[in-house]
Amino acid sequence: MKKTLLYSLAVLASVTLASCNGDYDDWANPQTNPQEASAAKYGITFAAGTEAESSMPDNDGIINLVTVNSSDADVTGFTLKDLKVNGEAIKGEINGNSIQVDAKELEKILCSQNKSRASVARDINVESKVSVNLASGDAVAINTVGTTTAKLKPSPTPAIDEKGYYMLGEVNGNGWKPKEPVWMNKVSDGVYQIKVTTEKDKNYFKFYEGSKWDETGNWNVINKGVMGCEKDGSEDASGTIYYTGDSWGTPQSMVIVGTGTWIVTLDMNNLSYSVGKPILYMAGDANGWATNDYLAGEDGVKFTGYMYLNQNGFKFCTQPEWKGTNYGAAFNTAPDAANITITEPAGYYQVDVDLSEKKYELTPITSIGIIGSASPNGWESDVDMTYVPYNKDTKEVNGYWEVKNITLSAGEIKFRANDDWAISWGGELDNLTTKNGGNITVEAGTYDIKLYAWAEGFAKCVMTKTKKK
């Protein structure tokens, strides 16, 4: 038995009577008839379909989402012109007076929009556009927009495996060897994570349920617990998990693109996964609460970054725009957790975070300067740069160190903090490193220099030559 949800669609726009079959495309300038008609004239109403509140999977694969009616006997039917769910277009058809959609497509849209396949009822807002067919052969263009508290519940997700999860594939040298699984670490209830290394341009892998692992390497047993993605070879950095018995189809292999070290996260609460470099973000008053200050690490636990902080509060985040885990005061992850506040003076800091210990340390950076054979002071002393912070008035995302009109000789330079070599930046201009970075070769000339002293893997320098020496 399928439930019916209270669901209303409001007719917002006036309508225009058009001639012929009404199947025109130009809604802004339809053919007009001297007699304009409104939706009210024909008693057009929109209501919840018989399955506007549903739990998936659906028996016949079709959801009756909206019901269109008219109190006017001259109305013989309706033609669907456009249909959107939560602002996203979806293909639909009218059968009688019922607007129908494919159940799987509707479920995919809602799960994608919520970045979760958790079996939790999701709100649905529907926007419909139809033409009304009249017995006279004319048609009436009706623009309809509806908001609703309708709900659709995605298919049940598998119970969290008490024996955990592992990976097989081209990670950590596994090479799809079923007897040598790459076990993931539980980081919180239902969330598993692991640091992996890759050696190819494209590295295929899948997830597997721990209780289905077979020590003899029997794939017939192991594949009963396989979990993957929808399209084989997906290079998306995050996505939705498909699992054995899933009504959405057979699980396919995901791909990690490139060589290096990665953090792979499997979230069984939301049936989602992500692959990325170990990164934290800082968002706070000092940068306009934008997640554009980075902290990088190697193990997903300890992170280091360089940023400007003030005493008006901030938080650490695992994903941009607050879409991951957010750490507030005392590293509390509750949505209403208080902001982290510092007693140290506002300024630029090296920020070291240890998630396992739930603590952070600040190392003041009072200056960053240019030093080297090409610099006016050679290797003896620094030419100090000026920090340009986030501008609250213009909302410019700055956060760089700058020096203008500095004259350099042909030679080499590096950047360092606090007139000391404890913290320094070198290497390639578009990929500076604090890890024994090499000297930077420069041509003689006068430059404007901007140093973005961000976390490892993000730091860079922009040198603009203003004139030749």
Discussion item. For a side chain to side chain contact (heavy atoms under 4.5 Å, CB included) check, start with the C-alpha distance between Met268 and Tyr165, then their side-chain angles and the critical distance, and finish with the verdict.
Written reply: CA-CA 10 Å; Met268 292 302 295; Tyr165 300 86; 3.6 Å; yes
Practice prompt. Might you work through the side chain to side chain contact (heavy atoms under 4.5 Å, CB included) test for Leu134 and Val75, ending with a clear yes or no?
Written response: CA-CA 5 Å; Leu134 304 178; Val75 174; 3.8 Å; yes
Worksheet item: Yes or no on side chain to side chain contact (heavy atoms under 4.5 Å, CB included) for Asn287 and Met307, after CA distance, side-chain angles and deciding distance?
Response: CA-CA 9 Å; Asn287 66 1; Met307 62 200 64; over 6 Å; no
Worksheet entry | Candidate pair Thr244 and Asn223, rule side chain to side chain contact (heavy atoms under 4.5 Å, CB included), full reasoning | CA-CA 8 Å; Thr244 300; Asn223 274 331; 6.0 Å; no
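Counting non-hydrogen atoms of other residues, nucleotides and ligands closer than 6.0 Å to NZ of Lys108 gives a total above 12. At most 12 non-hydrogen atoms from other residues, nucleotides or ligands lie less than 6.0 angstrom from NZ of Lys84. Within 6.0 Å of the CD atom in Glu199, the count of heavy atoms belonging to other residues, nucleotides or ligands does not exceed 12. Within a 6.0 Å radius of CD in Glu93, other residues, nucleotides and ligands contribute 12 heavy atoms or fewer. Within a 6.0 Å radius of CD in Glu344, more than 12 heavy atoms belonging to other residues, nucleotides or ligands are found. Counting non-hydrogen atoms of neighbouring residues, nucleotides and ligands closer than 6.0 angstrom, the CD atom of Glu361 reaches no more than 12 such neighbours.
The shortest non-hydrogen separation linking Ser116 to Ala118 is OG-N, 3.0 Å. A pairwise comparison of heavy atoms in Met282 and Leu309 identifies CE-CD2, 3.6 Å as the closest pair. When all heavy atoms are compared, the tightest approach of Lys91 to Val101 is O-CG1, 3.8 Å. Considering all non-hydrogen atoms of both residues, Ile99 and Val68 come closest at CD1-CG2, 3.9 Å.
Side-chain atoms of Thr198 come within 3.5 Å of backbone N or O of Gly260 as a donor-acceptor pair. Under the 3.5 Å distance criterion, the side-chain polar atoms of Asn310 are left unmatched by any main-chain donor or acceptor of Ala346. Side-chain N or O atoms of Asp74 include one that pairs as donor or acceptor with a backbone N or O of Ala135 at under 3.5 Å. With Thr291 contributing its side chain and Glu321 its backbone, the two residues share a donor-acceptor pair below 3.5 Å. Proximity of a side-chain donor or acceptor of Asn174 to a complementary backbone N or O of Glu180 within less than 3.5 Å is detected. When atom types are taken as modelled, the side chain of Asp161 and the backbone of Ser211 share a donor-acceptor pair closer than 3.5 angstrom. Put simply, the side chain of Thr76 gets close to the backbone of Asn133: a donor and an acceptor are under 3.5 Å apart. Looking only at distances, a side-chain donor or acceptor of Glu107 sits under 3.5 Å from a matching main-chain atom of Ser155. Judged by distance alone, the side chain of Asn332 and the main-chain N or O of Ala329 form no donor-acceptor pair under 3.5 Å. A distance-only check finds a donor-acceptor pair linking the side chain of Glu170 to the backbone of Tyr204 [under 3.5 Å].
At a threshold of 4.5 Å between non-hydrogen side-chain atoms, the residues Val196 and Phe205 do not count as touching. Put simply, the side chain of Phe303 reaches to within 4.5 Å of the side chain of Leu355, judged on heavy atoms. Within the 4.5 Å cutoff, side-chain heavy atoms of Ile222 are placed close to those of Leu168. The side-chain heavy atoms of Asn185 and Gln193, taken from C-beta on, include no pair separated by under 4.5 Å. Contact check for Asn339 versus Lys315: side-chain heavy atoms found under the 4.5 Å cut-off. When side chains are defined from C-beta on, Ser119 does not count as touching Leu271, because their heavy atoms never get closer than 4.5 Å. Within the 4.5 Å cutoff, no side-chain heavy atoms of Val126 are placed close to those of Phe46. Two residues are said to be in side-chain contact when any heavy atoms from C-beta on lie closer than 4.5 Å; Arg122 and Asn86 fail this criterion.
Between Lys179 atom NZ and Glu215 atom CD the span is 9.5 Å, to the nearest 0.5 Å. Between the CE atom of Met167 and the CD1 atom of Ile256 there is a distance of 5.5 Å, given to the nearest 0.5 Å. A distance of 10.0 Å separates OG of Ser54 from CG of Asn59, quoted to the nearest 0.5 Å. Atoms CG and CD1, on Leu106 and Ile124 in that order, are 5.5 Å from each other to the nearest 0.5 Å. Atom CG of Asp102 sits about 7.5 Å away from atom CD1 of Ile62, to the nearest 0.5 Å. Interatomic distance, Ile342 CD1 to Tyr349 OH, rounded to the nearest 0.5 Å: 5.0 Å.
Below 30°, between 30° and 60°, or above 60°: for Tyr360 and Phe331 the angle between ring planes is between 30° and 60°, a tilted geometry. Between Trp219 and Trp176, the two ring planes are tilted [angle within 30° to 60°].
Sorted by first and then second residue, the ring-ring contact (aromatic ring centres under 6.0 Å, His included) pairs with a member in residues 281-300 read Tyr281-Tyr294, Tyr294-Trp454, Tyr294-Phe458; sequence neighbours excluded.
Side-chain contact of Glu230 with Thr240: a donor-acceptor pair under 3.5 Å is absent, judged by distance alone. For the residue pair Gln350 / Asp352, a side-chain donor-acceptor distance below 3.5 Å is found, with atom types taken as modelled.
When Val301, Ile263, Thr318 are each tested for a side-chain contact (heavy atoms from CB on, under 4.5 Å) with Pro278, only one passes: Ile263. Screening Tyr348, Tyr452, Tyr400 against Tyr387 for a ring-ring contact (aromatic ring centres under 6.0 Å, His included) leaves a single residue, Tyr348. Of the candidates Thr304, Thr433, Asn431, Glu456 forms a side-chain hydrogen bond (donor to acceptor under 3.5 Å, both in side chains) with just one, namely Thr433.
Geometric assessment of Lys195 against the ring of Trp262 yields a negative cation-pi assignment under the 6.0 Å and 45° thresholds.
Annotation: Trp425 is in aromatic contact with Tyr306 [ring centroid separation under 6.0 Å].
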